[in-house]
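Notes follow once the structure below has been shown.
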Number of protein chains: 2
Amino acid sequence: MTEVPALDRGARSRDAILDTGGELMSRHGYAATSISMISAASGLPTSSIYWHFRSKDGIYVAVLERARTALLAALPPSEVPGADVGQRLDTFLTEVEDAFQRHPRGVRLLLGLGMVQQDASAAAAAEVRQYRDALLAWARDSVSSVFGLRDRPEVADELARFTLRVASGTAVARWFEPDTVLDTGALRVALVALAAHHGVPVGDAPVGDAPDRATAVRDAAVEGAPGEDAAVGDAPGEGAPSRHVTTGE
Amino acid sequence: MTEVPALDRGARSRDAILDTGGELMSRHGYAATSISMISAASGLPTSSIYWHFRSKDGIYVAVLERARTALLAALPPSEVPGADVGQRLDTFLTEVEDAFQRHPRGVRLLLGLGMVQQDASAAAAAEVRQYRDALLAWARDSVSSVFGLRDRPEVADELARFTLRVASGTAVARWFEPDTVLDTGALRVALVALAAHHGVPVGDAPVGDAPDRATAVRDAAVEGAPGEDAAVGDAPGEGAPSRHVTTGE
DNA sequence: GTCTATAAATGGATAGAC
DNA sequence: GTCTATCCATTTATAGAC
């Protein structure tokens, strides 16, 4: 019956805990997720959970860390390819939306922590911050590459923050209307206008209707995200670590 | 000693519960806030709390409802005054930022509910939705007035949603960096560009540096919001119901 | 309307056999 | 590494005197 290598049964359990724990915490928030819920959903007894992670807090930190590394591994290099600003911008927006659609758990973990500043342990707070900082750094570098802002870091920073704000604001909206998608068309117009407003040459990109391309990719991505529940069951096999980021968190 | 009218002692207690409950729930999220915490912070025994509100959920609903009516009462009429688009836009942005700065609790209550869709009771879900819808409607009407979009409701809707997304995204950012402010300058540029992109005449507003005015008001508003704790103690007297929205939520 | 006291359930976390 | 069983604190919610 138990044909599992028996060697990595521990690793599989660990993953299962992280899967169900991450799913539940992203859905209900940290505080509203109990160990017994994770136990029931994963089939493992609470003591095993405590054996793997020393505390509930430890689970949260581990879940968040895994979500972060998975997302970062899936993010394309911040050196955005493309002949002109318009092309690079479209590529960038597609990447952003892609990440947004494929990794909803990460965002919800950040939002729904329910475990705010004061409550959070030092480790959890550090993880949360690291997650956010990594995203911001990626966005900054990407935007810098898109608009050629090597010598204007403040502008790159503003555009990156603006992008992330629209994205997280959309995540909040999705909180209420689950099928909300990132409005890359509007975001594109806004970014171009912001860049131009700062005197950055934007070439022919101004009010192009290029988001059409991004829209096509968007719809494809939506199909790849089946509800929110599907991810619970499929434990990512150990063999291909950072590969199964497709539907997972 | 007890010189209180004794008649409205109940009302005062009710308000105190809503004050501390709202404060705690916005800080820690719904799940992480216990009745005993509210009891300790308000000085009232748990049984009194249960006498006023039948359940923890009831407190949340009442808190949210009060926050909503307070915010809506404080919001200026959606008929934005001003000679041209630029002026009206500045007025609108100032109003948005004002609301954003003065009513942080409401936003945090929506964000930090930790009590997502499924968990929420029907009443709570309805309240949350009503809060959000009211904000969206106000933004839509205001934007419509600013850009003269009576005959283009879809555009007004898009601009309104974009505005709210930037605002809520900023609220998320503030979650991590408490002194984050709404970037009205960038939002202004974005809104003008979006309107123009849809063929809406924007007059002389394009890339005006008018946000200077908004910036001045912003700094003033920041001073008006002393941390987050100050609001706990001051129960809004019954006499002036929707008047004390200044620092309260 | 407010208080003390407590019921009843569930939470996080541990012990120790296997 | 996993399981059963359990401790103990805390939680929501109620009873009943005042």
Side-chain angles (χ1 to χ4, degrees), chain A residues 1-21 24-25 27-63 113-115 119-121 123-124 235 238, chain B residues 1-21 24-25 27-63 113-115 119-121 123-124 235 238:
Chain A
M1 275 300 172
T2 48
E3 315 182 26
V4 250
L7 283 165
D8 55 8
R9 261 188 64 203
R12 295 184 74 90
S13 293
R14 195 189 139 92
D15 275 338
I17 296 168
L18 289 181
D19 283 338
T20 57
L24 291 171
M25 284 179 177
R27 288 170 83 98
H28 310 282
Y30 174 84
T33 303
S34 67
I35 303 290
S36 50
M37 283 167 73
I38 299 176
S39 169
S42 67
L44 273 58
T46 65
S47 49
S48 288
I49 296 174
Y50 277 99
W51 187 89
H52 283 285
F53 309 93
R54 304 179 61 89
S55 66
K56 181 182 176 183
D57 193 272
I59 300 176
Y60 178 67
V61 172
V63 161
L113 44 158
M115 187 203 203
D119 309 282
S121 73
E238 269 292 288
Chain B
M1 278 298 174
T2 48
E3 315 182 25
V4 250
L7 283 165
D8 56 6
R9 261 189 63 203
R12 295 184 72 87
S13 293
R14 194 190 139 91
D15 275 338
I17 295 168
L18 289 180
D19 283 338
T20 58
L24 291 171
M25 285 179 177
R27 288 170 83 96
H28 308 283
Y30 175 84
T33 302
S34 68
I35 304 291
S36 54
M37 282 168 72
I38 300 176
S39 169
S42 67
L44 274 60
T46 65
S47 51
S48 288
I49 297 174
Y50 278 99
W51 188 89
H52 283 284
F53 309 93
R54 304 179 61 89
S55 66
K56 181 182 174 182
D57 193 272
I59 301 175
Y60 178 67
V61 172
V63 161
L113 43 158
M115 186 204 205
D119 308 280
S121 73
E238 269 292 288

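Only heavy atoms go into these numbers, but all of them, side chains included; no hydrogens, no water, no symmetry mates. Protein chains get the first letters and strands the later ones, always in sequence-line order, with residue 1 at the start of each.
Atom CG of A:Asp119 and atom P of C:dG12 are 14 Å apart (whole Å). The distance from atom CH2 of B:Trp51 to atom P of D:dA17 is 19 Å, rounded to the nearest whole Å. Atoms CE (A:Met37) and P (C:dG11) sit 8 Å apart, rounded to a whole Å. Counting to the nearest Å, the P atom of C:dG12 and the NZ atom of A:Lys56 are 4 Å from each other. Rounded to an integer number of Å, the gap from B:Ile49 CD1 to C:dG1 P is 16 Å. Atom pair B:Phe53:CZ and C:dT2:P shows a separation of 11 Å (rounding to whole Å applied). At whole-Å resolution of the value, CD1 in B:Ile35 and P in C:dA8 are 19 Å apart. Put simply, CG on A:Leu24 is 15 Å from C1' on C:dG11, counting in whole angstrom units.
For B:Ser34, the side-chain hydrogen bond (donor to acceptor under 3.5 Å, both in side chains) test picks out B:Ser36, with sequence neighbours left out. Residues satisfying the side chain to side chain contact (heavy atoms under 4.5 Å, CB included) criterion with A:Ser13, sequence neighbours excluded, are A:Leu44, A:His52.
If you check C:dG12, C:dG11, C:dT2 against the side chain of A:Ser36, the one that comes closest is C:dG11. Among the nucleotides C:dG12, D:dG1, C:dT2, the one closest to the side chain of A:Tyr50 is C:dG12. For A:His52, the side-chain atoms get nearest to D:dT2 when compared with the rest of D:dA13, D:dT11, D:dT2. Distance from the side chain of B:Ser13 is smallest to C:dT2 among C:dT2, C:dG11, D:dT2. Checking D:dC3, D:dA13, D:dG1 against the side-chain heavy atoms of A:Pro45 singles out D:dC3 as nearest. Nearest to the side-chain atoms of B:Ser55 among the listed nucleotides D:dT2, C:dT4, D:dA13 stands D:dA13.
Using modelled atom types, no side-chain atom of B:Lys56 and backbone atom of B:Tyr50 make a donor-acceptor pair closer than 3.5 Å. Side-chain atoms of B:Thr33 come within 3.5 Å of backbone atoms of B:Gly29 as a donor-acceptor pair (strictly under, hydrogens ignored).
Just one of A:Leu24, A:Thr20, A:Asp15 meets the side chain to side chain contact (heavy atoms under 4.5 Å, CB included) condition when paired with A:Ser42; it is A:Thr20.
Side-chain atoms of B:Asp57 and B:Tyr30, non-hydrogen and from C-beta on, do get closer than 4.5 Å to each other.
A:Ser47 comes within 4.0 angstrom of a nucleotide base, judged by non-hydrogen atoms across all strands. Using a 4.0 Å heavy-atom cutoff across all strands shown, B:Thr46 reaches at least one base atom of the nucleic acid. Note on B:Ser39: nothing from the nucleic acid sits closer than 4.0 angstrom, heavy atoms only.
Rounding to the nearest 0.5 Å places CD1 of A:Ile59 at 10.5 Å from CZ of A:Arg14. Atoms OG1 and CD1, on A:Thr46 and A:Ile38 in that order, are 10.5 Å from each other to the nearest 0.5 Å.
When the local axes at the two ends of the helix from C:dG1-D:dC18 to C:dC18-D:dG1 are compared, using 5 base pairs at each end, they differ in direction by 0° after rounding to 10°.
Using a 4.0 Å cut-off, no side-chain N or O of B:Ser48 falls inside it from OP1 or OP2 of C:dG1.
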